[in-house]
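What follows is a set of notes on a single structure, which appears directly below.
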Amino acid sequence: MNAAAGGPGRAPANLAEARRALRHGGAVVLPNPAPLTHVVTATTATAVNRAKRRPTEQPVALWAHHPGTLDTLTDLWDLAPHHRGTVLRLLAEEHLTVLLPLHARGTRPSWLEPAVKDGWMLLFGARPRPLRPLLDDHPVLYVSSANRTGHPPAGDTDSALAMFPPTVPVLHLADPEPAPRQAGTRERRATTTVRVTPDGGLRLHRHGAQDHPYPHPDDYLRHLRARYVEPTPTGGAAASR
């Protein structure tokens, strides 16, 4: 019997234990809807990087799940206002990791800095229903794939338990809601990362679960443009190249 089922060995954490660990500044490994892999999250980027055994100053994604956090961020994106809806849907519905350009002017909140590199911010926006009680406790969370350097991201509870030490709780939950249009995909992968350029164009930055079923990255980008790219205020299609 494996650990996730409660047999010999290290047992996974329940929701209350995971919430307690986050409140005390620790990192926690959380499941994602299929076909995404698990992630490691914490209220500080340092805790995320230490859990992954990599340099503590390495940039991480900001988990942009909270309306208040998103309201702050949308004022910092170097994007036309009509692209806002596209970005929000890519985060919340497509469960992508998204790179967004920052305004050169203005003051950024200190909590954004760990997710910024070379004038771009890195955001993850999935908000799975079973995790909402935990996520809502923390408007600002940092997140990265649940792996240690040199290892692939954990795709299930047992893999995460084997990879991370007891100081990093691993939450085990059922997977009641597959990621959008990915039902039936069995092999788990980290999220696809898409770069949104200042003119609203979409570029594939990193291959992942969402683009994997498509024959070519351009096929996936065409799907995103058709489904999510907002029309321009003049009624034409938003820039996509």
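As a basis for the values below, the full set of heavy atoms in this structure was taken, side chains included, without hydrogen atoms, waters or symmetry mates. Please read these numbers as outputs of a predicted model, since none were measured by experiment.
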(Q) Go through it in stages, so that I can follow the logic: the residues are T46 and T56, the test is side-chain hydrogen bond (donor to acceptor under 3.5 Å, both in side chains), and I'd like the CA-CA distance, side-chain angles, deciding distance and then a yes or no. (A) CA-CA 5 Å; T46 296; T56 56; 5.2 Å; no
(Q) Determine whether L122 and V60 satisfy the following criterion, side-chain contact (heavy atoms from CB on, under 4.5 Å), listing intermediate values before the conclusion. (A) CA-CA 7 Å; L122 184 63; V60 297; over 6 Å; no
Q: Report the C-alpha separation of V40 and L30 in whole Å, then their side-chain angles, then the decisive distance to 0.1 Å, and conclude whether the side-chain contact (heavy atoms from CB on, under 4.5 Å) test is met.
A: CA-CA 6 Å; V40 57; L30 302 177; over 6 Å; no
Q | Pair T157-H172, side-chain hydrogen bond (donor to acceptor under 3.5 Å, both in side chains): steps then yes or no | A | CA-CA 6 Å; T157 304; H172 178 70; 2.6 Å; yes
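Put simply, the side chain of E94 never gets that close to the backbone of L91: no donor and acceptor are under 3.5 Å apart. Checking side-chain atoms of Q210 against main-chain N and O of H95 turns up a donor-acceptor pair under 3.5 Å. A donor-acceptor pair is defined here as one N or O able to donate and one able to accept, closer than 3.5 Å; such a pair exists between the side chain of R225 and the backbone of L202. Under a 3.5 Å cut-off, the side chain of H24 and the backbone N or O of R20 do form a donor-acceptor pair. Side chain of T192 to main chain of G208: a donor-acceptor pair is present (N/O by atom type, distance under 3.5 Å, no hydrogens or angles). Side-chain N or O atoms of R23 include none that pairs as donor or acceptor with a backbone N or O of A18 at under 3.5 Å.
Hydrophobic clustering of Ile, Leu, Val, Met, Phe, Trp and Tyr side chains at less than 4.5 Å, counting indirect connections, unites L90 with M121. Linking Ile, Leu, Val, Met, Phe, Trp and Tyr residues whenever their side-chain heavy atoms come within less than 4.5 Å places L76 and L100 in a single cluster. Linking Ile, Leu, Val, Met, Phe, Trp and Tyr residues whenever their side-chain heavy atoms come within less than 4.5 Å places Y220 and V98 in a single cluster. At a threshold of 4.5 Å between side-chain heavy atoms, the hydrophobic network of Ile, Leu, Val, Met, Phe, Trp and Tyr places L96 and W120 in two separate groups. L99 is not connected to L221 by any chain of hydrophobic side-chain contacts under 4.5 Å among Ile, Leu, Val, Met, Phe, Trp and Tyr, and they are in different clusters.
Heavy atoms only, all atoms of each residue included: P128 and N32 are closest at CG-OD1, 4.2 Å. Counting all heavy atoms, side chain and backbone alike, G155 lies closest to T37 at CA-CG2, 4.3 Å. Closest non-hydrogen pair, P152 versus M163, comes out as O-CE, 3.3 Å. Between V170 and A160, the shortest heavy-atom contact is CG1-CB, 3.7 Å. Contact detail for G26 and A42: the closest heavy-atom pair is O-CB, 3.6 Å. Residues P31 and L131 share a closest heavy-atom pair of O-CD1, 3.4 Å.
The side-chain hydrogen bond (donor to acceptor under 3.5 Å, both in side chains) with N147 is formed by just one residue from the set H38, R53, K52, R54; it is K52.
A salt bridge links D136 to R127: one of the charged nitrogens lies within less than 4.0 Å of a carboxylate oxygen. For R189 and E187, the salt-bridge test passes: some basic side-chain N is under 4.0 Å from an acidic carboxylate O.
With a 4.5 Å cut-off on side-chain heavy atoms, Y142 and T43 do not count as touching. At least one side-chain heavy atom of P217 sits under 4.5 Å from a side-chain heavy atom of H207. At least one side-chain heavy atom of P12 sits less than 4.5 Å from a side-chain heavy atom of L161. Two residues are said to be in side-chain contact when any heavy atoms from C-beta on lie closer than 4.5 Å; V29 and V39 fail this criterion. Residues V143 and V48 have side chains not in contact (no heavy-atom distance under 4.5 Å, counting atoms from C-beta outward). Between H103 and W77, every side-chain heavy-atom pair lies at or beyond the 4.5 Å cut-off. For the pair P101/L79, a side-chain contact is recorded, criterion being any heavy-atom separation below 4.5 Å from C-beta on. Using a 4.5 Å heavy-atom threshold, the side chains of L112 and L73 count as touching.
For D156, the salt bridge (charged side-chain N to carboxylate O under 4.0 Å, His left out) test picks out no residue, with sequence neighbours left out. In this view, E113 and R108 satisfy the side-chain hydrogen bond (donor to acceptor under 3.5 Å, both in side chains) rule, not counting sequence neighbours.
To the nearest 0.5 Å, the span separating CZ on R206 from CG on D211 amounts to 10.0 Å. The CG atom of L204 lies 8.0 Å from the OG1 atom of T193; values are rounded to the nearest 0.5 Å.
Atom CZ of R89 has more than 12 heavy atoms from other residues, nucleotides or ligands within 6.0 Å.
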Donor-acceptor contacts, no H, no angles, side chain residues 63-72, under 3.5 Å, sequence neighbours left out:
| residue | atom | partner | partner atom | Å |
| --- | --- | --- | --- | --- |
| W63 | NE1 | A126 | O | 2.7 |
| H65 | NE2 | L135 | O | 3.4 |
| H65 | NE2 | H138 | O | 2.8 |
| H66 | ND1 | G68 | N | 3.0 |
| T69 | OG1 | P139 | O | 2.6 |
| T72 | OG1 | G68 | O | 3.3 |

